[in-house]
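Counting begins at 1 with the first residue of the sequence. Remember, it's 1-based here, ligands and their atoms both numbered in the order they're listed.
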Amino acid sequence: MARKYLVETFGCQMNFHDGERISGLLESEGYEPAASEAEADLLVLNTCSVRERAEEKLYSRLGEIRLAAASCDRQPQIAVTGCVAQQEGDALLTRNLPIDVVVGTQAIRQLPALLTEAKARQTPRVDINPYEDVSFPLGVAKASDPTRAWVTIIEGCNEFCSFCVVPYTRGHERMRPVADILAEVQRAADSGRLEVQLLGQIVNHYQAPDDPGCDFPELLRRVSQIDGLRRVRFASPHPRHASDRLIEVMQSTPKICRHFHLPVQSGSNRVLKEMRRRYSREEYLALVDRLRAAMPDISVSTDIIVGFPGETAEDFEATLDLVRRVGFSFIYSFKYSPRPNTLADKRMADDVQESVKTSRIMTLQQLQAEIQVSLFQAMIGRTVEVLVEGPSRRRDWEMTGKTPGWVTVNFPGPATLVGQLVTVRLTAAAPNSVRGELVEAASAH
Ligand code: SAH
Ligand code: SF4
Ligand code: F3S
């Protein structure tokens, strides 16, 4: 009987896509997906290390798995992949945890062979080598999203922001050949997916290794020309590398979604400097102005860290002020969490009290909630194009999907619409989504 596997992914979109790659690799070796944890012969924990809490998830999950195994006398094989695997390597095996295989972020192709070896030799196997090769066999990743394809274009990061563990867990920046990227997107379009999301730690730093004339704007242009594809997205661009040419290409290419997720991290120049972000708040605001001058309807969203070492009340005020000025469509906000190897952790004390971090993040989220409600209210009465993802979380007779600006829209409609682009007239605003009614089932372009 085929062995059954389950992949649990924590972390960012790139990790999610690595989960799709891992699933595909396992299935090409004859594994089958398990319907539940109880049925799984193999559990893959695809981990994230970006904040301490994300890393702790691994240890709490391993604790749960051990308990479950003790109560039913059945021990699945356990593999740890992703950023904690890369960061900890062999050290994971010294903690008396139920782990059979540890595979780093650049070694996922070794996973099936290591699982077999670990089983045959009854001993744990580890591979966290920084393989340089970023190629991945075409058609192997298991497309788990019926609406959009996720395509990695860059792996790793050379930026070394002082708070961030990613350059240590993902390695230095490596670009995929443009030929591979276009072939993968073509395949996604042929399979009926209307949207593609290009992924990279600094996605707009792309430069094709196989074509000197193909930088990120040019890649966007080429991807947009692929037949059958209707929407192109990317995450995350770095403000420092957002060129005027990128803005021009977006403006002149309607298939590129009017959305820019542009992590700012802080609105204080002093903190930005300590973070080594290499732009000022003025440069950031000027970039947002340029984006909006070219595309007035563009949705701008961001990531913000509160409580970075040394962040004063004034620094935090500057962040609130920037948030008010920009009017982000949404923000992801985080309390600073010291991470191993990073400059901030080595050189600075985590000196903003937890209670201050909590009160700052609450203030920030409250401000953003107000901004979001007024943005959503201004959308009422408009018609928008929605890519339908599936039944809404609360009501199964309603469908949910995203606008080009990544606003969640819920509307009554049949499940046959999943994967399609529809036109919806917006009727009411909720805290994190907008409701509407179907105008046209297949939006014409
Ligand atoms: N490459 C992206 C960010 C990837 S990490 C960029 O440069 O914009 C995703 C987000 O996690 C970051 O934008 C940051 O807001 C947050 N983050 C990263 N390290 C963190 C830390 N040590 N503590 C708290 N939040 C952190
Ligand atoms: Fe981390 Fe900075 Fe690289 Fe983003 S750009 S992944 S925040 S080091
Ligand atoms: Fe987490 Fe690694 Fe992504 S640390 S955010 S899974 S790159």
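Shortest contact from atom 7 (O) of ligand 1 to any protein heavy atom: Arg277 NH1, 3.3 Å. Nearest protein neighbour of atom 1 (N) of ligand 1, counting heavy atoms only, is Gln201 O, 2.8 Å. Ranking the protein heavy atoms by distance from atom 14 (C) of ligand 1 puts Gln265 OE1, 3.3 Å first. The protein heavy-atom contact nearest to atom 18 (C) of ligand 1 is Val50 CG2, 3.4 Å. Shortest contact from atom 19 (N) of ligand 1 to any protein heavy atom: Phe163 CD1, 3.3 Å. What sits closest to atom 4 (C) of ligand 1 on the protein, heavy atoms only, is Val166 CG2, 5.0 Å. For atom 9 (C) of ligand 1, the closest non-hydrogen atom on the protein side is Asp303 OD2, 3.8 Å. In terms of protein heavy-atom proximity, atom 4 (Fe) of ligand 2 is nearest to Arg277 NH1, 4.3 Å. Among protein heavy atoms, the minimum distance from atom 8 (O) of ligand 1 is reached at Pro263 CG, 2.9 Å.
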Criterion side chain to side chain donor-acceptor pair (under 3.5 Å) on Ser333 and Gln365, from CA distance to verdict: CA-CA 8 Å; Ser333 48; Gln365 288 176 351; 2.9 Å; yes

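In Phe163, the part holding a heavy atom less than 4.0 Å from any atom of ligand 2 is the side chain. With a 4.0 Å cut-off on non-hydrogen atoms, Pro167 touches ligand 2 through its side chain and not its backbone. With a 4.0 Å heavy-atom cut-off, ligand 2 is reached by the backbone of Cys161 and by its side chain too.
Side-chain contact between Thr363 and Leu320: present, with at least one pair of heavy atoms (C-beta onward) separated by less than 4.5 Å.
Close approach to Arg339 involves these atoms of ligand 1, each under 4.0 Å from a residue heavy atom: 22 (N). Near Asn15, meaning under 4.0 Å from any of its heavy atoms, are these atoms of ligand 3: 6 (S). Using a 4.0 Å cut-off to heavy atoms of Tyr336, the atoms of ligand 1 that qualify are 23 (N), 24 (C). Taking every non-hydrogen atom of Arg51 and a distance limit under 4.0 Å, the qualifying atoms of ligand 1 come out as 11 (O), 16 (C), 17 (N), 23 (N), 24 (C), 25 (N), 26 (C).
With no hydrogens or angles considered, a side-chain donor-acceptor pair links Glu27 and Tyr5 at under 3.5 Å. Defined by atom type and a distance below 3.5 Å, a donor-acceptor pair is missing between the side-chain atoms of Thr169 and Gln87. There is a side-chain donor-acceptor pair under 3.5 Å between Ser191 and Arg193. In this model, no donor atom of one side chain and acceptor atom of the other lie less than 3.5 Å apart for Arg176 and Thr152. For the residue pair Ser329 / Ser299, a side-chain donor-acceptor distance below 3.5 Å is found, with atom types taken as modelled.
A salt bridge is defined here as a Lys NZ or Arg NE, NH1 or NH2 lying under 4.0 Å from an Asp or Glu carboxylate O, and Glu56 with Arg53 fails to meet this definition.
For Tyr206 and Phe234, the ring centers sit 6.0 Å or farther from each other. Side-chain rings of His241 and Phe216 stay apart, their centers remaining 6.0 Å or farther from each other.
One of the N, O or S atoms belonging to Cys48 lies under 2.8 Å away from atom 1 (Fe) of ligand 3.
Within 6.0 Å of atom CZ in Arg95, more than 12 heavy atoms from other residues, nucleotides or ligands are found, so the atom counts as buried in its surroundings. By the neighbour-count criterion of 12 heavy atoms within 6.0 Å, atom CZ of Arg324 is densely surrounded, having more than that number from other residues, nucleotides or ligands.
The closest approach between a heavy atom of Gln201 and any atom of ligand 3 is below 4.0 Å. Ligand 3 has no atom lying under 4.0 Å from any heavy atom of Met14. Ligand 1 has no atom lying under 4.0 Å from any heavy atom of Glu159.
Close N/O approach between Ser236 and ligand 1 is not found [any backbone or side-chain N/O within under 3.5 Å].
In this structure, Arg21 forms a cation-pi arrangement with Phe136, its terminal cationic atom sitting closer than 6.0 Å to the ring centre and no more than 45° off the ring axis.
Within the 4.0 Å cut-off (strictly below), a protein heavy atom is located near atom 16 (C) of ligand 1.
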